[in-house]
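Presented below is the structure to which this report refers.
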Amino acid sequence: AYVLNPKVASTLSLNFIFFLNHNYRYFDPFRIYQSGCGLLRFEGPEIDSQALRTFLRLSPESFTIVRDPLRRFISGFLEKIFSGGDPNFFSFRDFLTGTRGIDLSPEADLARSCLDFAKWIAEQENQNAIDTHFRPQHLNLIVGGRFTLDTILHLEDRAALQAFFSKWIGAEKAEWFLSFRFNEQTKYKSDDIVTDELKALVRKVYARDYELFYP
């Protein structure tokens, strides 16, 4: 069982679950999120369903992947907010630039725009209401709640990822599968965006994530 944590190799992980079950890849890796047949999925009201309770009685081994909060935040900003590559975020981008004064134009100062977005995130009193791509990871994973995570991998630990995937599909296939780079943007450099102010703000907003996963 994979516990979804957006912007942390989630596309890779969902495709891995499909491959594990079928021994071939899903035909459209980027649209596997919309699949109604390829994966057994529990979300929303289904989280308390009889089907989920039945599934949990099978004692599935669960895993997820976490990522350095700063790198995750910048990745999410570049892909979902600044680049406009995801049409599902148009309304959110429209709101941010039209009512919150965040410059998302091609001429924008990336570092400034990212910092302004981080400030908006910091203003949100209810972190559970934040979009999952920017919500603290411990809330996405309900760490300390009703579900048990057997394995928490770190995206930065390639050896641990390789070992875990190899356990299920063998070393050769694991290496091949991990070579895929889903949703990885290469147009902008994260290091051009990082400032001391941004690092301090992200550490404050995601303090619990740092405490749990990156002490």
Side-chain angles (χ1 to χ4, degrees), residues 3-13 63-86 88-145 149 151-161 181-215:
V3 181
L4 183 67
N5 189 24
K7 291 311 300 171
V8 190
S10 54
T11 304
L12 175 76
S13 299
F63 82 98
T64 195
I65 306 176
V66 295
R67 183 180 190 179
D68 173 77
L70 179 62
R71 296 297 172 183
R72 175 177 178 257
F73 181 82
I74 292 175
S75 177
F77 171 76
L78 289 175
E79 183 198 351
K80 303 298 183 182
I81 305 302
F82 189 75
S83 71
D86 189 336
N88 294 319
F89 276 75
F90 174 81
S91 295
F92 189 30
R93 297 176 71 237
D94 180 54
F95 163 77
L96 291 171
T97 201
T99 70
R100 292 298 178 264
I102 299 177
D103 186 357
L104 300 179
S105 71
E107 299 78 33
D109 179 330
L110 263 180
R112 168 53 57 185
S113 297
C114 187
L115 179 60
D116 287 344
F117 178 61
K119 289 179 179 177
W120 182 84
I121 290 289
E123 292 171 357
Q124 308 312 301
E125 295 182 1
N126 181 7
Q127 289 190 321
N128 277 299
I130 298 174
D131 181 89
T132 56
H133 295 79
F134 303 100
R135 184 186 300 159
Q137 295 173 79
H138 73 277
L139 296 177
N140 284 339
L141 306 177
I142 325 179
V143 173
L149 274 166
T151 301
I152 298 179
L153 301 164
H154 289 73
L155 187 62
E156 301 83 5
D157 191 342
R158 174 75 181 214
L161 291 172
R181 294 291 185 269
F182 298 111
N183 292 334
E184 182 180 42
Q185 73 83 28
T186 57
K187 183 177 180 180
Y188 306 104
K189 295 181 179 180
S190 298
D191 291 341
D192 294 337
I193 301 174
V194 177
T195 63
D196 290 341
E197 189 175 2
L198 178 65
K199 288 193 289 187
L201 188 55
V202 166
R203 184 162 286 277
K204 178 181 178 181
V205 173
Y206 301 98
R208 183 62 173 157
D209 283 351
Y210 278 109
E211 179 184 350
L212 287 171
F213 309 126
Y214 292 87

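What you see is a predicted model, and the numbers here were worked out from it, not measured in a lab. For this chain, numbers begin at 1 and follow the sequence in order.
Distance CZ/F89 to CG/L96: 10.0 Å, rounded to 0.5 Å. To the nearest 0.5 Å, the span separating OG1 on T99 from CG on D94 amounts to 8.0 Å. Atoms CG and CD, from L161 and E156 in turn, are 9.0 Å apart once rounded to the nearest 0.5 Å. Atoms NZ and CG, on K199 and L115 in that order, are 13.0 Å from each other to the nearest 0.5 Å. Note: E125 CD to I130 CD1 = 11.0 Å, rounded to the nearest 0.5 Å.
With sequence neighbours left out, D192 forms a side-chain contact (heavy atoms from CB on, under 4.5 Å) with K189.
Between the side chain of T132 and the backbone N or O of P6, no donor-acceptor pair lies under 3.5 Å. Under the 3.5 Å distance criterion, the side-chain polar atoms of R93 are matched with a main-chain donor or acceptor of I81. Side-chain N or O atoms of H133 include none that pairs as donor or acceptor with a backbone N or O of S75 at under 3.5 Å. No side-chain donor-acceptor contact under 3.5 Å links T97 to the backbone of D103.
If you look at F77 and W120, their ring centroids are not closer than 6.0 Å. Taking the ring centroids of Y206 and H138, they lie at or beyond the 6.0 Å cut-off. Two rings, from F73 and F117, have their centers less than 6.0 Å apart.
Within the structure, every pair that satisfies the salt bridge (charged side-chain N to carboxylate O under 4.0 Å, His left out) test and touches residues 202-215, not counting sequence neighbours, is listed here: R208-E211.
You'll find the side chain of L155 stays beyond 4.5 Å of the side chain of V66, heavy atoms only. Within the 4.5 Å cutoff, the side chain of I142 has no heavy atoms near those of the V3 side chain. Annotation: side chain of Q127 is in contact with side chain of V205 (closest heavy-atom distance under 4.5 Å). P69 places none of its side-chain heavy atoms less than 4.5 Å from the side chain of F213. Two residues are said to be in side-chain contact when any heavy atoms from C-beta on lie closer than 4.5 Å; V202 and Y210 meet this criterion. Between Y214 and H154, some side-chain heavy-atom pair lies under the 4.5 Å cut-off.
The closest side-chain donor-acceptor pair between Y188 and E79, if any, does not fall under 3.5 angstrom.
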- request: Kindly indicate, with the supporting measurements, whether the criterion salt bridge (charged side-chain N to carboxylate O under 4.0 Å, His left out) is fulfilled by R72 and D68.
  value: CA-CA 6 Å; R72 175 177 178 257; D68 173 77; over 6 Å; no
task: Give the C-alpha distance, both sets of side-chain angles, the deciding distance and a yes or no for side chain to side chain contact (heavy atoms under 4.5 Å, CB included) between L153 and T64.
output: CA-CA 6 Å; L153 301 164; T64 195; over 6 Å; no
- request: Evaluate the criterion side chain to side chain contact (heavy atoms under 4.5 Å, CB included) for residue pair L149 and L141; output intermediate values, then yes/no.
  value: CA-CA 8 Å; L149 274 166; L141 306 177; 3.9 Å; yes
Verdict with reasoning, L70 to L198, per side chain to side chain contact (heavy atoms under 4.5 Å, CB included): CA-CA 8 Å; L70 179 62; L198 178 65; 4.2 Å; yes
task: I would like to know whether N5 and S10 meet side chain to side chain contact (heavy atoms under 4.5 Å, CB included); could you show each step before the answer?
output: CA-CA 6 Å; N5 189 24; S10 54; over 6 Å; no
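Of all heavy-atom pairs spanning A111 and I193, the tightest one is CB-O, 3.8 Å.
The pair R135-D131 fails the salt-bridge criterion, with no side-chain N (NZ, NE, NH1 or NH2) lying under 4.0 Å from an Asp/Glu carboxylate O. One finds a salt bridge joining R71 and D191 here, because a Lys/Arg side-chain nitrogen approaches an Asp/Glu carboxylate oxygen to under 4.0 Å. Between K119 and E197, at least one side-chain N (NZ, or NE/NH1/NH2) sits under 4.0 Å from a carboxylate O, which counts as a salt bridge.
More than 12 heavy atoms of other residues, nucleotides or ligands sit less than 6.0 Å from atom CG of N128.
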